[in-house]
Protein chains: 4
Amino acid sequence: MAMIADRAGVGAGTIYRYFENKDVLIAELHRELEEKMTAAVGKGYSKEMPIRVRFLHLGTSLLKYFIENPLEFRYLEQFHNSPYGVDYRRDKILGKQEGCNIFRDLFEDGVSQQVMKDLPLVILFALAFGPLLAVARDHILGFIALDEVLIVWTIEACWDGVRR
Amino acid sequence: MAMIADRAGVGAGTIYRYFENKDVLIAELHRELEEKMTAAVGKGYSKEMPIRVRFLHLGTSLLKYFIENPLEFRYLEQFHNSPYGVDYRRDKILGKQEGCNIFRDLFEDGVSQQVMKDLPLVILFALAFGPLLAVARDHILGFIALDEVLIVWTIEACWDGVRR
Amino acid sequence: MAMIADRAGVGAGTIYRYFENKDVLIAELHRELEEKMTAAVGKGYSKEMPIRVRFLHLGTSLLKYFIENPLEFRYLEQFHNSPYGVDYRRDKILGKQEGCNIFRDLFEDGVSQQVMKDLPLVILFALAFGPLLAVARDHILGFIALDEVLIVWTIEACWDGVRR
Amino acid sequence: MAMIADRAGVGAGTIYRYFENKDVLIAELHRELEEKMTAAVGKGYSKEMPIRVRFLHLGTSLLKYFIENPLEFRYLEQFHNSPYGVDYRRDKILGKQEGCNIFRDLFEDGVSQQVMKDLPLVILFALAFGPLLAVARDHILGFIALDEVLIVWTIEACWDGVRR
DNA sequence: GATGAATGAGCGTTCATTCAT
DNA sequence: CATGAATGAACGCTCATTCAT
């Protein structure tokens with residue numbers, strides 16, 4: 001908190017006028033970033049396209065978004081690997097189903113149209129986003145240099161994992 | 001550190017006779033767990049088997065190992081999501097190539113035999129282990145209940161992602 | 001201060017137009033409450049009554065007032081148990097003699113008419129108000145349930161302490 | 001806490017090796033002081049003495065103890081005027097009756113032998129200790145100068161308040 | 001070699017007060 | 001006059017590390 005206040009060029013107390021406490025700050029920043037990300041990824045996307053196209057569109061958009069916004073990616077990753085993120089996922093999976101529907105819709109459609117493997121949603125998510133996040137992380141850390149081609153190949157490989 | 005010393009039944013200072021500091025302790029514990037894991041996973045494994053069999057063997061063994069040793073899995077995950085883990089991977093990927101060769105060998109063989117996609121090793125790793133880790137995490141957190149069948153299907157889906 | 005401004009329905013800064021600072025606000029509120037209390041207690045009181053009657057009147061009135069206005073009592077007690085209250089008493093006892101004369105007059109009359117013990121005023125105050133405040137506090141905290149009879153008995157016991 | 005550590009000439013953290021937290025420190029210090037006080041006051045005291053003598057002994061001893069140990073008195077007063085003290089009293093009065101029996105015993109004996117007024121214990125306590133504490137406070141703050149004689153007179157006046 | 005008391009920078013948070021608008 | 005955003009010293013507490021014994 002001290003560091004954030006410092007970088008924001010404000011006093012230590014000022015932060016608490018805008019966020020009730022650290023947890024709230026973290027949660028709100030997460031929500032904001034996720035919204036921004038969802039918006040960016042949803043550009044040029046339509047439910048009317050074939051499943052495969054939708055998957056490739058969403059996958060490449062997301063991967064590119066992460067690569068172009070490494071700081072946001074790092075935040076999102078840290079969030080999901082923290083107790084905050086676990087609670088968040090638990091609410092989302094076990095609680096009333098809302099938010100982030102763009103991805104769920106795609107997978108539900110994919111399964112019901114028998115284009116994707118008939119596996120639980122959670123596993124399909126893992127198959128699609130597991131590699132995607134790993135690859136984004138490795139690029140940002142400098143372990144690979146992703147280019148347009150590599151991005152597409154990677155997402156297509158993810159598609160192979162997910163499709164029938 | 002105090003808690004570890006306590007559970008070990010030694011004084012707070014004693015720990016520093018065996019580990020220079022917290023970072024070193026973490027790194028050494030990691031190495032030990034990874035060795036144990038590699039050994040477990042390598043049981044019944046042979047380089048002479050066909051690539052696909054080797055992949056399925058290693059994948060299912062690993063996933064089962066994580067499910068049976070959730071504490072170790074949590075440690076390994078936390079480690080890799082921390083600065084320690086990043087440094088570790090950097091050394092491993094960019095530095096002198098050693099350790100954990102069992103996996104690298106498999107992917108190198110897979111690529112050279114043209115059974116796997118011709119992608120950088122790092123991406124193949126992401127394709128294989130990304131979903132695996134995600135699925136292990138979700139199982140341990142209670143978001144899915146993996147059984148024998150689901151485990152095999154998951155690893156086979158990973159194989160689809162990786163194979164030509 | 002923020003809470004007070006809030007409940008008053010004004011901005012946080014506005015309070016400082018009416019009170020130089022927190023200390024002044026506390027002191028002024030104290031003065032106001034003491035005035036109100038003195039007025040209430042003085043109802044139906046006359047210096048012409050016999051000392052004992054005056055004492056019992058003032059004592060029971062005061063005790064009843066506290067019981068009926070527990071919030072005010074709590075404020076007054078907190079005030080007197082704080083550095084503010086100590087300073088206030090110091091000024092009152094050692095400094096120029098004013099204020100709250102109704103009580104002093106009674107005790108001075110009591111001593112000079114040889115109805116009360118010939119003790120320093122401060123001690124007579126302690127004998128009279130010490131138990132009264134203690135009993136009011138205990139009632140408000142729920143340690144006793146004072147009724148009309150108990151109140152009178154208590155004040156009469158105080159009188160026993162004070163009288164010759 | 002910082003101030004205490006400072007005056008003790010130790011680091012900020014050291015204090016927590018001896019007291020779990022601030023509340024515990026406060027409670028333990030209180031217990032220690034009360035024990036010490038009870039011991040001092042009980043010197044030369046016997047349940048076999050007549051009630052009046054017991055009362056005068058305990059009263060004068062206590063008052064003298066406070067005067068000789070002004071710091072302890074201030075601590076005890078602050079404690080009892082704080083939430084800690086209120087909770088403590090609540091436990092003592094409403095909970096299982098233990099501790100500080102020397103005083104309760106005296107009052108119970110006094111009432112049952114019909115030497116003291118037939119009032120609730122809480123009120124008798126107020127009658128006896130209310131003035132005593134007030135007088136001790138005023139002495140310590142320099143509002144009166146108590147001497148041997150004044151002390152005895154004060155306690156005798158308290159006795160008048162309490163006795164039949 | 002083992003101990004555990006001591007350390008102190010750092011944590012997240014509060015709140016009386018100021019001052020530009 | 002009134003506002004409320006901004007302040008920053010202070011709070012109670014933690015914990016990896018040291019060092020005299």
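Sequence lines set the chain letters: A, B, ... in the order given, protein chains first and strands last, and positions in each chain run from 1.
Formation of a donor-acceptor pair under 3.5 Å by the D/Tyr75 side chain with backbone atoms of D/Ile26 is found in this model. Looking at C/Asn101, its side chain never comes within 3.5 Å of a backbone N or O of C/Arg104 through a donor-acceptor pair.
Picking from F/dC1, E/dA6, F/dT14 the nucleotide with the shortest atom distance to the side chain of D/Tyr18 gives E/dA6. In this structure, of E/dT14, F/dC13, F/dT3, it is F/dT3 that holds the atom nearest to the side chain of C/Arg17. Side-chain proximity of C/Tyr16 to F/dC13, E/dT13, E/dT18: nearest is E/dT18.
Atoms CG and CZ, on A/Leu133 and A/Arg137 in that order, are 7.0 Å from each other to the nearest 0.5 Å.
Here the C1' atom of nucleotide E/dA2 and the CD1 atom of B/Ile15 are 13 Å apart, to the nearest Å. A straight line from CZ of B/Phe19 to C1' of F/dT17 spans 16 Å, rounded to a whole angstrom. Rounded to whole Å, atom C1' of E/dG12 lies 11 Å from atom CD1 of A/Ile26. The CG-C1' distance, from C/Leu25 to E/dT17, rounds to 13 Å in whole Å. Atom CD1 of A/Ile4 is separated from atom P of E/dC11 by 11 Å (rounded to the nearest Å). At whole-Å resolution of the value, CG in B/Asp6 and C1' in E/dA2 are 15 Å apart.
Sorted by residue number, the list of members of residues 79-86 of chain B with any non-hydrogen atom under 4.0 Å from DNA chain F is empty.
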Would C/Leu63 and C/His139 satisfy side-chain contact (heavy atoms from CB on, under 4.5 Å), going step by step from the backbone distance to the final call?
CA-CA 10 Å; C/Leu63 187 43; C/His139 174 88; over 6 Å; no

Check the pair D/Tyr88, D/Glu34 against side chain to side chain donor-acceptor pair (under 3.5 Å), reporting the backbone distance first and the verdict last.
CA-CA 12 Å; D/Tyr88 174 80; D/Glu34 202 163 64; 2.5 Å; yes

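Around the CD atom of D/Glu72, the shell of radius 6.0 Å holds more than 12 heavy atoms that belong to other residues, nucleotides or ligands.
Partners of B/Asp138 by side-chain contact (heavy atoms from CB on, under 4.5 Å), not counting sequence neighbours, listed by chain and number: A/Arg89, A/Val122, B/Phe143, B/Ile144. In this structure, the ring-ring contact (aromatic ring centres under 6.0 Å, His included) partners of D/Phe129, at least two apart in sequence or on a different chain, are D/Phe103, D/Phe125.
Between A/Leu141 and B/Arg90, the shortest heavy-atom contact is O-NH1, 3.4 Å. For the residue pair B/Lys36 and B/Asn69, the shortest heavy atom distance occurs at NZ-OD1, 4.0 Å.
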With the criterion being N/O to N/O and under 3.5 Å, what pairs connect the protein with nucleotides 8-11 of chain F, and how long is each?
| unit_1 | atom_1 | unit_2 | atom_2 | d |
| --- | --- | --- | --- | --- |
| F/dG8 | N7 | A/Gly13 | N | 3.3 |

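Pairs of residues two or more places apart, or lying in two chains, never qualify as salt bridge (charged side-chain N to carboxylate O under 4.0 Å, His left out) while including a residue from residues 16-30 of chain C.
For the pair D/Gly9 and C/Asp23, both in contact range of DNA chain E, the more 5′-proximal nearest nucleotide belongs to D/Gly9. In terms of position along DNA chain F, the nucleotide closest to D/Asn21 lies nearer the 5' end than the nucleotide closest to the other residue of the pair D/Asn21 and B/Glu20.
Helical stems of DNA chain E (runs of at least 3 Watson-Crick or G-U pairs, donor-acceptor distances under 3.5 Å) are listed by first residue: E:2-21 with F:2-21.
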